[in-house]
Number of protein chains: 2
Amino acid sequence: MTDDATASPAMPAHPGFALLLVQLGMEGARQFGERLAPLGVEPRHVGMLARLAANEGRAQQVIGELIGLNPTQMVFLVDELESRGFVERRRNPADRRSYGLYLTPAGKDMLGKVQELAQVHQAELGKSLSESEQDQLTELLRRIARDQGISGQSLPGIPPRRR
Amino acid sequence: MTDDATASPAMPAHPGFALLLVQLGMEGARQFGERLAPLGVEPRHVGMLARLAANEGRAQQVIGELIGLNPTQMVFLVDELESRGFVERRRNPADRRSYGLYLTPAGKDMLGKVQELAQVHQAELGKSLSESEQDQLTELLRRIARDQGISGQSLPGIPPRRR
DNA sequence: TATTGTTATACTCTATAACTATA
DNA sequence: TATAGTTATAGAGTATAACAATA
């Protein structure tokens, strides 16, 4: 484990919701990653694309701060997205040290596809529950997330800047 | 991420339960790891201890199979637990190539403490919900876990043997 | 020859620090 | 000198393959 983002409260026959959350979170992430693979992107790319869509034109390191990635990590991630044609670096004429990051049309297409995929993924994951049960679940999880300081903008898989 | 067990379905203002599960799973695991730290153990040790308690005396590689760890990983993990005095390797007289693994009294103590900690952890995580809401949540998550083939014995953080 | 456990090796990831070009 | 971005380097983690002892 990296920062050890993995845990296993001891294992009773009927696990509590804390252990279930970890198990389901990891399994869900894994499945989503598999669904993503045919599109030629990985989970980390998706988080970046989504963030970029909301912050077009801002400098690389500024966006890195928002996501919780250091400059080095940003370089590699943006390199990957640029080589795939999803992101464009444009020099800032006012300060030629910095770049503004922009989604290309292909990047926007990809983001749209990914969002569709996310819906399919969630439907598959929740197939055992009725629609109203899914709403219930969502509501309960949102309450926990809110009280744990997890926003809709928090990116899983990208550790928030520590210390 | 490792096997990239992390995902981020694109990020709407009101995230669905699939994204919430990943976010909460990772955050919960992280918090549990922090609670564990003062005891001198890490999440992976805990999963191992729990598995061992249910399989005392079986050979190292047999238990590794159960958990989904290869022989190399088992050596390191058991080394760590042995150096902490929680696990004992005993030669099998019938087949002197293999060891049986046993929890020491200290190991059982530690497992007990960890289980208490897990309860505290879950109480903290669920503090925003009433008791009946927590039961509801647990029930909904169990249904999903069952249909996704996740057993109470599945260890998060230790990828199940693939292929 | 096959199997248990161990050690050695290579590969990936991550984090830190050094470098460049602008300011 | 300070900052944006990049590159280089070192450490941790993981996976594969070679190895010694026993069967």
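Residue numbers start from 1 in every chain, and the chains themselves are labelled A, B, ... in the order their sequence lines are given, proteins ahead of strands.
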Please state how far atom CD in A/Glu65 lies from atom P in D/dA4, giving the value in whole angstrom units. 10 Å
Return the value, rounded to whole Å, for the distance between atom CZ of A/Arg89 and atom C1' of C/dT22. 17 Å
Scan side-chain atoms only and decide if A/Gln31 and A/Glu27 contain a donor-acceptor pair under the 3.5 Å cut-off. yes
Is it true that a side-chain atom of A/Gln23 and a backbone atom of B/Ala145 form a donor plus acceptor pair closer than 3.5 Å? no
Between atom CD in B/Glu80 and atom C1' in D/dT14, what is the gap in whole Å? 14 Å
Would you classify B/Gln61 as touching base, sugar-phosphate or nothing, given that sugar-phosphate means primed atoms plus P, OP1 and OP2, and contacts are heavy atoms under 4.0 Å? base
What heavy-atom pair brings B/Ala18 and A/His121 nearest, and what distance separates the two atoms? CB-CD2, 4.0 Å
Which residues pass the side chain to side chain contact (heavy atoms under 4.5 Å, CB included) test with A/Val120, not counting sequence neighbours? A/Arg35
Between P on C/dC13 and CG on A/Leu69, what's the gap in Å once rounded to a whole number? 15 Å
Counting only side-chain nitrogens and oxygens, does B/Gln60 get under 4.0 Å of the OP1 or OP2 atom of C/dT6? yes
Between C/dT3 atom C1' and B/Tyr99 atom OH, what is the distance in whole Å? 14 Å
What is the separation between atom CE on A/Met74 and atom C1' on D/dT3, rounded to the nearest whole Å? 16 Å
Check the phosphate of D/dT14 against B/Gln73, side-chain N and O only, distance under 4.0 Å to OP1 or OP2. Yes or no? no
Chi angles and distances behind the side-chain contact (heavy atoms from CB on, under 4.5 Å) call for A/Leu20, B/Ile150: CA-CA 9 Å; A/Leu20 286 165; B/Ile150 296 174; 5.8 Å; no
Within this structure, what is the CD1-to-C1' distance between A/Ile63 and D/dA4, rounded to whole angstrom? 13 Å
N/O donor-acceptor pair under 3.5 Å between A/Ser98 side chain and A/Asn92 backbone: no
In chain order, what residues pass the side chain to side chain contact (heavy atoms under 4.5 Å, CB included) check against B/Arg89, with sequence neighbours excluded? B/Gln60, B/Val75, B/Val78, B/Asp79, B/Glu82, B/Tyr99, B/Leu101
Here the distance between atom P of D/dT7 and atom CG of A/Asp79, to the nearest Å, is 7 Å
For a quick check, with a 4.0 angstrom heavy-atom cut-off, what is the B/S/- contact string for nucleotides 16-23 of chain D, read 5' to 3'? BB---BBS
